[in-house]
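All remarks here apply to the structure that follows.
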Amino acid sequence: MDRHILEVVHLSKNFGTNVVLKDIDFSVNQGDVICIIGSSGSGKSTLLRCINLLEDPTSGDIKYKQKSILGSRFSQSAYRSKVGMVFQGFNLFNNMTVIENCMVGVTKISKKNKDEARKISEYYLNKVGMLPYINAKPHQLSGGQKQRAAIARALSMNPDVLLFDEPTSALDPQMVQEVLTVMRNLAKDGLTMIVVTHEMAFARDVSNRVVFMSNGIICEDGTPDAIFKHPKNQRTREFLERFRSDTNL
Amino acid sequence: MPTSFGERIIYILERYGMSFLRGAGVTMAIALVSTFIGCIIGFLVGIVQTIPAERSKNPVRWFFLGVIRIILNIYVEVFRGTPMMAQAMFIYFGSAALFGINMSMWFAAFFIVSINTGAYMAETVRGGILSVDIGQTEGAKAIGMTHFQTMINVVFPQALRNIMPQIGNNLIINIKDTCVLSIIGTVELFYTTKGIAGALYTYFEAFAVAMGIYFVLTFTCSRLLRLWEDKMDGPANYDLATTDTLTHTSGLYSIGKKNIVGNLNKDSRDGGR
Ligand SMILES: Nc1ncnc2c1ncn2[C@@H]1O[C@H](COP(=O)(O)OP(=O)(O)OP(=O)(O)O)[C@@H](O)[C@H]1O
Ligand SMILES: [Mg+2]
């Protein structure tokens, strides 16, 4: 089946006169795990935020299941509930417990009743190993626990695609692993994911496609093998070179 | 009339205790109701001030919001920038003279204090809404909440918690400031006290009693609000839920106060004060 679940077409984004994304083209198939890598300021977050409509694209189009998401009659909130996002800063609702964080979307947006919402939320919290902490408030949790709860919240909406923006960048090394393990399992389950990350090992081992961005354009897009072992683009090579010397990958 | 201070106080209380209580009741009624209505006004104004509107996206909406905001700003600035006592005179007597509206003294009292509190609360609420981290809004949008749902479920509860101390402040200020209503003849605690003092010629003692009552009222309210704030914060510790697969004995067990979680929590709460 070659129908794309998401399609980014000639997407550009300016902040004032600052051109952050230039003519981005890429598409996502059901079950893809795509890692976006690139140096700081290359526009990775902006691309994800455009896909989730947290930023308005300046020009170009984004299609979800062959329909443009930018039309005025398209329900942006309904779309967002199907294309979820996990943030670097977790963004759990501070006024709610872990289980409430998961349930609020299921009851208010998916319109399920409380019992059902609880069951769904508990299912996903169990999946990320957060079931013991359902009654905790976000400020009572460690960073890794917060991120796992945030992932469970996103999963509770039963999304088609999940976007991750550097989900482990705010975490201690040990917590990084607990979150990456959760994400590995999601990939194994066949969830479609787009992951902006600096975790090259994760990109290499888990993704089926790696996108390298630099200065607002996609420089290279290919299998992890192609990108990491035989990078064609000069800038990709330099980036990976620098990365290897820093981290002994 | 007894001669010592203590005996005079007792004498006054015996003769006028009920009047003092009635005056205190009126003071509290005006303060509580007006703070409540003022908060509602403040919330409505604060909400309008923080509705996002972009000129490029929807010019009509942008224009109308702009006009409404200018009017609301004038309201806020005028009522914050003039003394309540002057407003009381102006509204109570002016409404009759200018518009032929014969306000009852009661209505005027509630109206003046409410609208004043509203002006103060508007800015507080706006600040409270803006102080909620943008990440909270983005987190809500990312699971598909509309602007309205985000506000109701995520932003307001946190803004309300942030401004609770300000609401308490306003209540206490209102308890004290209702005394300016004596100028339009509202029989609240100050007015009552003045009457008693004049009748018995015991200014010192009568106002000693009044001060005692004012203090008890404000102190009680501030403590009660503290308790309410603590209740809003929820329990200091959470219960670790255990999965049925792990244990069949009990559904939940509680972890004690002196654990890491409790300490973590304490830090962040102290920081908030
Ligand atoms: N709201 C904004 N207004 C103006 N410029 C912005 C805004 N957000 C991002 N930018 C700019 O867009 C560029 C790309 O930012 P972006 O956050 O997408 O980079 P990134 O690849 O995610 O970097 P990092 O790896 O550091 O997260 C940066 O130069 C940044 O300064
Ligand atoms: Mg980024």
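Here the structure is a predicted model, which means the values were calculated and not measured. Just so we're on the same page: letters track the sequence lines, and every chain starts at 1.
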Heavy-atom pairs under 4.5 Å with chain B: which of [options] has the most?
options: A/G105, A/A136, A/A150; result: A/A136
options: A/R49, A/K82, A/Q76, A/K137; result: A/R49
options: A/F93, A/F87, A/Y133, A/F90; result: A/F93

### Message
Report which part of B/E138 has an atom under 4.5 Å of a heavy atom belonging to chain A: side chain, backbone, both, or neither.
### Response
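Both backbone and side chain.
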### Query
Got more than 12 heavy atoms from elsewhere within 6.0 Å of NZ, A/K146?
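Atom NZ in A/K146 is packed in, count exceeds 12.
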### Message
Can you confirm whether more than 12 heavy atoms, excluding those of A/Q174, are under 6.0 Å from its CD atom?
### Response
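Atom CD in A/Q174 is not packed in, count stays at 12 or less.
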### Task
For A/N95 and B/A159, indicate whether the former's side chain and the latter's backbone hold a donor-acceptor pair under 3.5 Å.
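Answer holds: no.
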#### Entry: Sidechain-backbone polar pair: A/N91 side chain, B/G135 backbone, donor-acceptor under 3.5 Å
yes
### Task
Measure the spacing between OG1 of A/T107 and CG of B/N153 and express it to the nearest 0.5 Å.
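CG of B/N153 is found 7.5 Å from OG1 of A/T107.
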### Spacing of B/Q136 atom CD and A/N94 atom CG [to the nearest 0.5 Å]
4.0 Å
### Task
Locate the shortest heavy-atom distance separating B/G144 from A/I109; write the atom from each residue and the value.
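Minimum heavy-atom separation between B/G144 and A/I109: C-CD1, 3.6 Å.
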### Query
Shortest non-hydrogen contact from B/T146 to A/S77?
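It is CG2-OG, 3.6 Å.
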### Message
If you count heavy-atom pairs within less than 4.5 Å of chain A, which of B/Q158, B/Q149, B/H147 leads?
### Response
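Max contact count across the listed options: B/Q158.
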### Message
With heavy-atom distances below 4.5 Å as the criterion, would you say the side chains of B/M145 and A/K108 are in contact?
### Response
no
